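Encoded as structure tokens, the structure appears first; notes follow it.
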Amino acid sequence: MIKSLTGFLFLLCCSIYAQQDITEQELKQHIEYLTSDDLKGRYPGTPENDSIVDYLVDNFKSNGIQTLIQEFPAVMRKDSSSVTTWNVLGFLEGKNPLLKEEVVILGAHYDHLGTKRDHIYNGADDNASGTAALLEIAEKLKANEHLLQRSVIFIAFGAEEQGLLGSKFFVENPIVPLKNIVLMVNMDMLGHLNEQKHVYMGGAGTFPGGVELMKNLGERLQLNPIVHAGSVGGSDHVSFYQKKISVLGLHTGGHDHYHQPTDTIEKLYIPGIVQVSNYIYQTLIHVASSDKKMGFIKQE
């Protein structure tokens with residue numbers, strides 16, 4: 001079902017253990033690693049960025065998830081230099097002989113802004129929170145892969161902060177035909193769930209029944225989703241929407257620490273990331289375990 005792997009490195013999984021639950025402990029461990037000062041703000045083209053790619057690959061493989069890395073050039077905004085970076089992909093094949101050709105994508109960007117004037121921009125919410133959620137949701141889906149009718153691809157995008165470069169490269173160099181992608185769900189900043197339990201999202205109207213689905217799932221999980229049919233927004237899901245693919249972009253709201261060196265792990269509400277991650281997991285299960293017909297609906 002995966003297209004020719006020219007331009008990719010395919011890495012076989014080496015373990016088959018995956019746990020059922022999304023835990024605060026594992027989310028925090030992932031975020032602590034991703035926001036370590038040693039990684040110097042997760043800037044593309046650096047040795048620290050390469051270390052993160054290794055970490056993501058190792059995590060997917062340790063959970064028995066087939067893994068690919070997609071290399072691409074990225075032009076940096078600050079000085080127009082060109083560097084090499086990567087998307088990291090995980091793959092779970094659906095169990096239905098026909099529906100497995102259809103694909104749901106879950107994505108989050110792992111890069112951030114690096115350092116400026118001796119300050120490290122660790123990007124705890126933006127987007128270590130989403131990357132940690134990606135790893136935990138992938139692990140839970142692997143543990144429940146017998147439920148999947150459609151296939152699922154997980155993508156940790158590189159160079160989002162440089163202009164959505166990783167997702168733009170993927171949609172121009174997809175590993176499955178774009179027409180087979182029935183939904184792309186993107187997570188960008190999940191770490192500031194407020195007391196009202198608001199989860200903000202755009203694009204819910206780009207697939208049939210999306211608005212109602214997200215409202216209903218939110219209520220079941222004691223969340224208060226702010227659901228927009230359109231308002232697709234400005235993160236990696238935009239690259240897919242521009243290819244007429246249904247999308248859903250989720251976040252927990254803006255704050256004063258956005259793109260500041262004060263965006264640190266101490267500011268995050270980890271239990272909220274667990275809650276939102278389970279919400280997204282349930283969304284993926286609903287779509288990927290169903291034979292309900294999907295289709296792109298354009299929104300203004």
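Small disclaimer: the values here were computed from a predicted structure and weren't measured.
- Pairs of residues two or more places apart, or lying in two chains, that qualify as side-chain hydrogen bond (donor to acceptor under 3.5 Å, both in side chains) and include a residue from residues 124-134 are H109-D126, D125-S129, D125-H255, D126-H259.
- For the atom pair S289 OG and N96 CG, the distance stands at 11.5 Å (nearest 0.5 Å).
- Listed by chain and number, the residues in a side-chain contact (heavy atoms from CB on, under 4.5 Å) with Q29 are Q25, E26 (sequence neighbours excluded).
- Although no hydrogens or angles enter the test, the distance criterion places no donor-acceptor pair under 3.5 Å between the side chain of Q162 and the main chain of L113.
- For the pair V199 and L250, the minimum side-chain heavy-atom distance is below 4.5 Å.
- A donor-acceptor pair is defined here as one N or O able to donate and one able to accept, closer than 3.5 Å; no such pair exists between the side chain of Y241 and the backbone of G203.
- Remark: Q196 CD is packed, more than 12 non-hydrogen atoms of other residues, nucleotides or ligands lying under 6.0 Å away.
- Between the side chain of R150 and the backbone N or O of S290 there is at least one donor-acceptor pair closer than 3.5 Å.
- For the pair A133 and S277, the tightest heavy-atom approach, listed with the atom from each and the gap, is CB-OG, 3.4 Å.
- Residue pairs meeting the salt bridge (Lys or Arg N to Asp or Glu O under 4.0 Å) criterion with at least one partner in residues 168-189, sequence neighbours excluded, are E172-K243.
- Here L99 contributes atom CG and K292 contributes atom NZ; the two are 14.0 Å apart, rounded to the nearest 0.5 Å.
- Other residues, nucleotides and ligands contribute only 12 or fewer heavy atoms inside 6.0 Å of the CG atom of D118.
- A distance-only check finds no donor-acceptor pair linking the side chain of T67 to the backbone of G90 [under 3.5 Å].
- The heavy-atom pair separating V152 from A288 by the smallest distance is CG2-CB, 4.1 Å.
- Between V238 and the options V247, N186, L164, a side-chain contact (heavy atoms from CB on, under 4.5 Å) holds for only L164.
- Closest approach of S151 and E93 over heavy atoms only: OG-CA, 3.5 Å.
- When side chains are defined from C-beta on, P225 does not count as touching H198, because their heavy atoms never get closer than 4.5 Å.
- A 4.5 Å side-chain heavy-atom check between L89 and N87 finds at least one atom pair inside the cut-off.
- Residues that satisfy the side-chain contact (heavy atoms from CB on, under 4.5 Å) test with E32, not counting sequence neighbours, are K28, I265.
- A search for side-chain hydrogen bond (donor to acceptor under 3.5 Å, both in side chains) contacts involving T85 returns N49, Y110, not counting sequence neighbours.
- No hydrogens or angles considered: nothing links the side chains of D291 and Q149 as a donor-acceptor pair under 3.5 Å.
- The shortest non-hydrogen separation linking A204 to V227 is CB-CG1, 3.4 Å.
- In this structure, N180 contributes its side chain and V176 its backbone to no donor-acceptor pair below 3.5 Å.
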Check against side chain to side chain contact (heavy atoms under 4.5 Å, CB included), L135 and F60: CA-CA 7 Å; L135 296 176; F60 280 150; 4.0 Å; yes
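- Residue pairs meeting the side-chain hydrogen bond (donor to acceptor under 3.5 Å, both in side chains) criterion with at least one partner in residues 204-223, sequence neighbours excluded, are absent.
- E266 is linked by a side-chain hydrogen bond (donor to acceptor under 3.5 Å, both in side chains) to T264, counting only residues two or more places apart in sequence or in another chain.
- The minimum heavy-atom distance linking Y121 with K116 is given by the pair CE1-CB, 3.6 Å.
- With sequence neighbours excluded, the residues that form a side-chain contact (heavy atoms from CB on, under 4.5 Å) with E145 are L92, K95, K142, L148.
- Sorted by first and then second residue, the ring pair (Phe, Tyr, Trp, His ring centres under 6.0 Å) pairs with a member in residues 143-165 form an empty list; sequence neighbours excluded.
- By the 4.5 Å heavy-atom criterion applied to side chains, T252 and Y269 are not counted as neighbours.
- With sequence neighbours excluded, no residue forms a salt bridge (Lys or Arg N to Asp or Glu O under 4.0 Å) with R42.
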Side chain to side chain contact (heavy atoms under 4.5 Å, CB included) between I155 and M184, intermediate numbers included: CA-CA 10 Å; I155 310 179; M184 190 277 169; over 6 Å; no
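- Contact annotation: the side chain of F169 approaches that of P73 to within less than 4.5 Å [non-hydrogen atoms, C-beta and beyond].
- Residue H192 holds its NE2 atom at 6.0 Å from CG of D263, rounded to the nearest 0.5 Å.
- Taking the ring axis of F296 as reference, the NZ or CZ atom of K244 does not stay both within 45° of it and closer than 6.0 Å to the ring centre.
- Rounded to the nearest 0.5 angstrom, M214 CE and I226 CD1 are separated by 12.5 Å.
- Side chains of M76 and S81 form a contact here, defined as non-hydrogen atoms less than 4.5 Å apart.
- Taking I120 as the reference, D37, T115, N122 meet the side-chain contact (heavy atoms from CB on, under 4.5 Å) condition, with sequence neighbours excluded.
- Note on M189: it does not cluster hydrophobically with L193, by side-chain heavy-atom contacts below 4.5 Å among ILVMFWY residues.
- Using a 4.5 Å cut-off on side-chain heavy atoms (C-beta onward), V182 and V104 make contact.
- In terms of the ring-ring contact (aromatic ring centres under 6.0 Å, His included) criterion, residue partners of Y33 (sequence neighbours excluded) are, by chain and number, Y55.
- Residues Q70 and N173 meet the side-chain proximity criterion, which asks for heavy atoms closer than 4.5 Å.
- Closest approach of A132 and I31 over heavy atoms only: CB-CG1, 3.6 Å.
- Taking the ring centre of Y43 as origin, the terminal cationic atom of K78 falls inside the region bounded by 6.0 Å and 45° from the ring axis.
- Between the side chain of S167 and the backbone N or O of S239, no donor-acceptor pair lies under 3.5 Å.
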